[in-house]
There are 2 protein chains.
Amino acid sequence: MRTDSRLPRVLHALLHLEQAEEPLTSEQIGKMLNTNPSLVRRTMAGLREAGFVGSTRGHGGGWVLERPLNEITLADVYAALGSPELFSLGRSGDAPACLLERAANRATSAALDAARETFQAELERVTVADLVRPHAREIREHQEKRTGKVPEAGGQ
Amino acid sequence: MRTDSRLPRVLHALLHLEQAEEPLTSEQIGKMLNTNPSLVRRTMAGLREAGFVGSTRGHGGGWVLERPLNEITLADVYAALGSPELFSLGRSGDAPACLLERAANRATSAALDAARETFQAELERVTVADLVRPHAREIREHQEKRTGKVPEAGGQ
DNA sequence: AAATATTGTAACTTTATAAGTAACGAATGC
DNA sequence: GCATTCGTTACTTATAAAGTTACAATATTT
């Protein structure tokens, strides 16, 4: 299939929404993402259900941010998209009878699971707001290291 | 596309090859992997080029191991397959003009790169022989921790 | 030498899934 | 009423691995 580019795309869209004064239509967002309005509506639907954005119909309608970007982690966005399959690699079968096949699957899964955890942890460490404030992440992590806790969202 | 199952499949095949007294034909391996001989030949070709297995034609021919499994890491096998694409996720474009899109891509790539490193490290830590000797890996790692170095392959 | 077994390789079809596209009803604002 | 915009469904396209078919090349057996 085509490479799944939904995550970077909606991140891109969120960053534009933050800068917008008025609702952006699917048409406008589609131009920013080099795609068409229908796909934008489909892809943004999950973010709406998660409460990160809102949409209104009719004249003057479109998409708006419902929550500040520093309250939304990349992990939140990924989850809102339905946590799409990360890997193009997989095991050979679900519950094979052959012990050797099971051993091969186990090893493959172990490596993939470890990679998935790293991916997830990386997504959790970063808010969408961090993407356009390159120094903000380091500052926040330094804070966490000192206090030993994750600061409340919204504080900056 | 279909999920890429080449890695677990060739691992499975290698484990069977180790147990075999005589060359295994693509036909036989195909039955073990629930696939057909032609696909086996195609998939094993990389392992042959890497010198991990050998193949001979004609009556009595087939596939044999050329190196002991404790000298072959999962990373070696993955590389011999041509290091197939790990992720079904990707960025939205290669070098977009929009700064926000670049930021979105950068963040996506960072998480993927971190995950890929974890995956690669995990593959490097494990030899194919480890798959069927569940305790061997822990023993070897303990050894590495004590001596601070990776033991020569072949020593067990 | 002929028959048989087996790999090597090329060409083609199938499958799965996101992207892309088109269409239209529903809701909203002018 | 009319134009705008989303919500949703249905359909087509693109991509890459799996799966399949076919056959030349090579090796063994008789």
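The sequence lines fix the lettering, A, B, ..., with proteins before strands; numbering per chain opens at 1. Bear in mind the structure is a predicted one, so any value in this text is a computation, not a measurement.
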> Please give, in whole Å, the distance from D:dG7 C1' to A:M44 CE?
Replying inline: 14 Å
> Rounded to the nearest Å, what distance is computed from the CZ atom of residue B:R91 to the C1' atom of nucleotide C:dA19?
Replying inline: 19 Å
> Which of the following nucleotides, C:dA19, C:dG20, D:dC6, is nearest to the side chain of A:R6?
Replying inline: C:dA19
> Would one find a side-chain N or O of B:S88 under 4.0 angstrom from OP1 or OP2 of C:dA18?
Replying inline: no
> Regarding A:T43 and A:R6, is there a side-chain donor-to-acceptor distance under 3.5 Å anywhere?
Replying inline: no
> In whole angstrom, what separates B:L39's CG from C:dG8's C1'?
Replying inline: 14 Å
>> Among residues 25-33 of chain A, which ones have heavy-atom contacts with DNA chain D below 4.0 Å?
In response: A:T25, A:S26
> Passes side-chain hydrogen bond (donor to acceptor under 3.5 Å, both in side chains), A:T108 versus A:N105? Steps please.
Replying inline: CA-CA 5 Å; A:T108 305; A:N105 279 344; 5.3 Å; no
> Can you find a pair of side-chain heavy atoms, one from B:C98 and one from A:H12, that are under 4.5 Å apart?
Replying inline: yes
> Under the 3.5 angstrom rule, does the side chain of B:S88 hit a backbone N or O of A:E85 as a donor-acceptor pair?
Replying inline: yes
> Would you say D:dC6 has OP1 or OP2 under 4.0 Å from some side-chain N or O of A:S55?
Replying inline: no
> In a check of side chain to side chain contact (heavy atoms under 4.5 Å, CB included) between B:L17 and each of B:V64, B:V10, B:V53, which one passes?
Replying inline: B:V53
> With a 3.5 Å cut-off and no angle check, do the side chains of B:W63 and B:T25 form a donor-acceptor pair?
Replying inline: no
>> I need the CG-P distance between B:N34 and D:dG19, as an integer number of Å.
In response: 9 Å
> Just how far, in rounded Å, is C1' of C:dT7 from CH2 of B:W63?
Replying inline: 8 Å
>> Counting the benzene-type ring for Trp, do A:F119 and B:F87 have ring centres under 6.0 Å apart?
In response: no
>> Does the protein touch nucleotides 22-30 of chain C at the base, only the backbone, or not at all? Give it as B, S and - per nucleotide, heavy atoms under 4.0 Å.
In response: BB-BBSBS-
> Whole Å only: how far is the CG atom of A:D4 from the P atom of C:dG20?
Replying inline: 11 Å
>> Tell me the interatomic distance from A:L47, atom CG, to D:dG7, atom P, rounded to whole angstroms.
In response: 12 Å
>> Quick check: on DNA chain C, is the nucleotide nearest A:T43 upstream (toward 5') of the one nearest B:G62, or the reverse? Name the residue that is more 5'.
In response: B:G62
> Nearest-Å distance, CG (B:L86) to P (D:dA17)?
Replying inline: 13 Å
> Pick the nucleotide of DNA chain C nearest each of B:T3 and B:G61; which residue has the one closer to the 5' end?
Replying inline: B:G61
> Is any side-chain heavy atom of A:L69 closer than 4.5 Å to a side-chain heavy atom of A:T127?
Replying inline: no
>> Membership question, hydrophobic clusters at under 4.5 Å side-chain separation (ILVMFWY): are B:L39 and B:L11 in the same one?
In response: no
